[in-house]
Amino acid sequence: MDQNTYTMPTPLKVAVIGAGLSGLIAARELERESHEVVVFEKSHRLGGVWVYDPRTESDLLGIDPDREIIHATIYKSLRTNSPRQIMGFSDYMFEGKEYGDPRMFPGHQEFLSYLEDFAKKFGVTKLIRFNSEVARVELLDSGNEFVVEWKTSGVSLTEVFDAVVVCNGHNCQPRVALDIPGILEWPKKQLHAHNYRVPEPFQDQVVVIIGNGSSAYDISRELATVAKEVHLSSRSPNVKVSKLDKYNNLWQHSKIDRVCKDGTIMFQDEVSIKADAIIHCTGYEFHIPFLKTHGIVTVNDKHVSPTYGNVFPPQLAPRLSFVGLFHMGMTFLPAELQSKWIARALSGKISLPSQTEMLHNVEQVYREMEEKGISRSYTHSLNFQMDYIDWLSDLLGIKRPPQKFRDYYARFLQRFRYDLEGFRETFEEDLLISDEM
């Protein structure tokens, strides 16, 4: 039935899957619209990926489907990639709040403390069922309700909800470079960055890191303090093959050509080395194994399809929705705006387009991407732009982010995208210089 011919009852009983950043703001916005909210969280505390856990998985590559999954994905030394000034929710910013680490780009514990503080202040903590791992979210035959099955203390329980908001994140299913010839037969140690915690186990070893994103940069520089050699491998055709400045044991290489059973790794730049370990800093795949929609919603690689506005599957809108599918951009503001959109759509304050119109919009987006040669894995990419935030703001009748905020974000992005080696330090220096002028 099309959305414009159906009036949502209010309040609704809504399940939120996950108590990370997205789940917390979704729960807050839903409760503000007087919905009955239950948040399911598999671990014993809130915070999602921001909870550091020294444990690692039994399968360090993360490809065994039967392994015990450790949701934590951060390493002990991790710091935020964004400055405090653009982190936090609109009415409870991270800036101005300190929990022991006052740096502009603080460590993960500081940010986790902020999330815990937010949840307590806005009454979200009391909505969370901890140690409750969702095993199934299935559309009932009525088409208007979902059954949620979860496990707690070894017992499976079920409950019916009017609506479900999926906020389980997308950093728990590692993507591994399995296309490298010989990679599965390589006899030495291999792991995905998901299972990297501290550098000490790699003392005096030769380590190869696959990837050129933030985790590859951070981990390679940290390992360079203890390892004998660190070799970065990138698929990018623009990579400059060289020994890196500021380090006497860190090299940048092109893509790996193949690996051999004697431990040798051969790069396409015709250099070969014998290594002790390979770390795959190769990102993650979207993973929502509990969602059963009878084929209406599919999860492929790094996108969920179809989703109108990166949030609503047209055939199930607004009763099924997603928060936080986006990547390559700001996190807090779009997650907050998505949550407001969902909460108001469920309470009937905002009408969605018809199912036909939403599906047409999704297909139009796919056509435009195909014409530009853009892979569907970038469906939810914000491309570090403000367009999506502006679109959501206009839809909600909320003021767009002010120019001062935009200028600050643009200035930060300039450093982040072109000076990944030391963007935190150089950005702080830029601000100090501008304040003195």
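All values reported here derive from a predicted model rather than from experimental measurement.
Applying the salt bridge (Lys or Arg N to Asp or Glu O under 4.0 Å) rule to D218 yields the partners R424; only residues at least two apart in sequence or on another chain are considered. Residues meeting the salt bridge (Lys or Arg N to Asp or Glu O under 4.0 Å) test with E36, sequence neighbours left out: none. Take Y284 and apply the ring pair (Phe, Tyr, Trp, His ring centres under 6.0 Å) test, not counting sequence neighbours, and it matches H192, H194. With sequence neighbours excluded, the residues that form a side-chain contact (heavy atoms from CB on, under 4.5 Å) with A343 are E29, L30, E33. Every residue meeting the side-chain contact (heavy atoms from CB on, under 4.5 Å) condition with K246, not counting sequence neighbours, appears here in chain and number order: E421. With sequence neighbours excluded, no residue satisfies ring pair (Phe, Tyr, Trp, His ring centres under 6.0 Å) with Y217. For H280, there are no ring pair (Phe, Tyr, Trp, His ring centres under 6.0 Å) partners at least two apart in sequence or on another chain. Partners of F202 according to the ring pair (Phe, Tyr, Trp, His ring centres under 6.0 Å) rule, which considers only residues two or more places apart in sequence or in another chain, do not exist here. For the salt bridge (Lys or Arg N to Asp or Glu O under 4.0 Å) test, no residue two or more places apart in sequence or in another chain qualifies with D64.
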* To do: With side chain to side chain contact (heavy atoms under 4.5 Å, CB included) as the test, would you mind laying out the steps for E149 and F290 before giving the verdict?
  => CA-CA 9 Å; E149 178 184 356; F290 53 79; over 6 Å; no
* Asked: Does the pair F267 and V208 meet the rule for a side chain to side chain contact (heavy atoms under 4.5 Å, CB included), with working shown?
  -> CA-CA 11 Å; F267 300 95; V208 171; 4.3 Å; yes
* Step-by-step salt bridge (Lys or Arg N to Asp or Glu O under 4.0 Å) determination, D53 to R45 -> CA-CA 11 Å; D53 188 339; R45 62 188 303 186; over 6 Å; no
* Verdict with supporting geometry, L21 and M87, side chain to side chain contact (heavy atoms under 4.5 Å, CB included) -> CA-CA 11 Å; L21 183 157; M87 298 180 72; over 6 Å; no
* Asked: Stepwise, does the side chain to side chain contact (heavy atoms under 4.5 Å, CB included) test hold for V49 with H71?
  -> CA-CA 7 Å; V49 296; H71 192 65; 4.3 Å; yes
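Residues L232 and L244 are in side-chain contact: their nearest non-hydrogen atoms beyond the backbone lie under 4.5 Å apart. Taking 4.5 Å as the limit, every side-chain heavy atom of W251 sits out of range of all side-chain heavy atoms of D269. With contacts defined as side-chain heavy-atom distances shorter than 4.5 Å, the pair I278/I183 qualifies. By the 4.5 Å heavy-atom criterion applied to side chains, R129 and V38 are counted as neighbours. Side-chain contact between P11 and L346: absent, with no pair of heavy atoms (C-beta onward) separated by less than 4.5 Å. Counting only heavy atoms from C-beta outward, the side chains of P83 and Y408 approach each other to under 4.5 Å. A heavy-atom distance below 4.5 Å is not found between the side chains of F332 and F94. Taking the side chain as every heavy atom from C-beta outward, I219 and C281 approach each other to under 4.5 Å.
Summarising the geometry, atom OG belonging to S236 is positioned 6.0 Å from atom CG belonging to N212; distances are rounded to the nearest 0.5 Å. The structure places CG of D162 at 5.5 Å from CZ of R319, a figure rounded to the nearest 0.5 Å. A distance of 8.5 Å separates CD1 of I265 from NE2 of H231, quoted to the nearest 0.5 Å. To the nearest 0.5 angstrom, Y52 atom OH is 9.0 Å from S77 atom OG. Taking NE2 of H360 as the start and OG of S354 as the end, the distance is 10.5 Å to the nearest 0.5 Å. Summarising the geometry, atom CD1 belonging to I288 is positioned 10.5 Å from atom CD1 belonging to I17; distances are rounded to the nearest 0.5 Å.
Although no hydrogens or angles enter the test, the distance criterion places a donor-acceptor pair under 3.5 Å between the side chain of K292 and the main chain of P289. Under a 3.5 Å cut-off, the side chain of N168 and the backbone N or O of G18 do not form any donor-acceptor pair. Side chain of R175 to backbone of G283: no donor-acceptor contact under 3.5 angstrom is found. Checking side-chain atoms of H294 against main-chain N and O of L139 turns up a donor-acceptor pair under 3.5 Å. In this structure, S22 contributes its side chain and A335 its backbone to no donor-acceptor pair below 3.5 Å. Of the possible donor and acceptor atoms, one in the side chain of S233 sits under 3.5 Å from a partner among the backbone N and O of S254.
Here the closest heavy-atom approach between residue V299 and residue V304 is recorded as CG2-CG2, 4.3 Å. Here the closest non-hydrogen pair linking N195 and D59 is ND2-O, 3.7 Å. Considering every non-hydrogen atom in both S339 and I25, the closest pair reads OG-CG2, 3.5 Å. Counting all heavy atoms, side chain and backbone alike, H35 lies closest to L12 at ND1-N, 3.1 Å. Nearest heavy-atom pair across Q173 and G62 is NE2-O, 3.3 Å. Taking every heavy atom of both residues into account, F286 and L325 meet most closely at CZ-O, 3.2 Å.
Listed by first and then second residue, the ring pair (Phe, Tyr, Trp, His ring centres under 6.0 Å) pairs involving residues 116-140 are F89-F118, Y92-F122, F118-F122 (not counting sequence neighbours). Sorted by first and then second residue, the pairs that involve residues 86-112 and meet salt bridge (charged side-chain N to carboxylate O under 4.0 Å, His left out), not counting sequence neighbours, are R28-D91, R32-D91, R84-E110, D101-R103. Judged as a salt bridge (charged side-chain N to carboxylate O under 4.0 Å, His left out), not a single pair has a partner in residues 362-388 (not counting sequence neighbours).
Using modelled atom types and a 3.5 Å distance limit, the side chains of S377 and S375 yield a donor-acceptor pair. A donor and an acceptor atom, one from each side chain of Y366 and S305, are located under 3.5 Å apart.
Paired with Y388 under the rule side chain to side chain contact (heavy atoms under 4.5 Å, CB included), one option of M330, H380, Q338 passes, and it is Q338.
The residues E200 and K76 are annotated as not salt-bridged, no charged nitrogen and carboxylate oxygen being separated by less than 4.0 angstrom.
Between F423 and F416, the ring-plane angle classifies as perpendicular under the 30° and 60° cut-offs. Classification of the Y378-H327 ring pair by plane angle, with boundaries at 30° and 60°, yields tilted.
Crowding of Q403 atom CD: a count of heavy atoms from other residues, nucleotides or ligands under 6.0 Å exceeding 12. Atom NE2 of H44 has 12 or fewer neighbouring heavy atoms from other residues, nucleotides or ligands inside a 6.0 Å radius.
Taking the six-membered ring wherever Trp is involved, the centroid distance between the rings of F111 and Y114 falls below 6.0 Å. For F312 and W341, the ring centers are positioned less than 6.0 Å apart.
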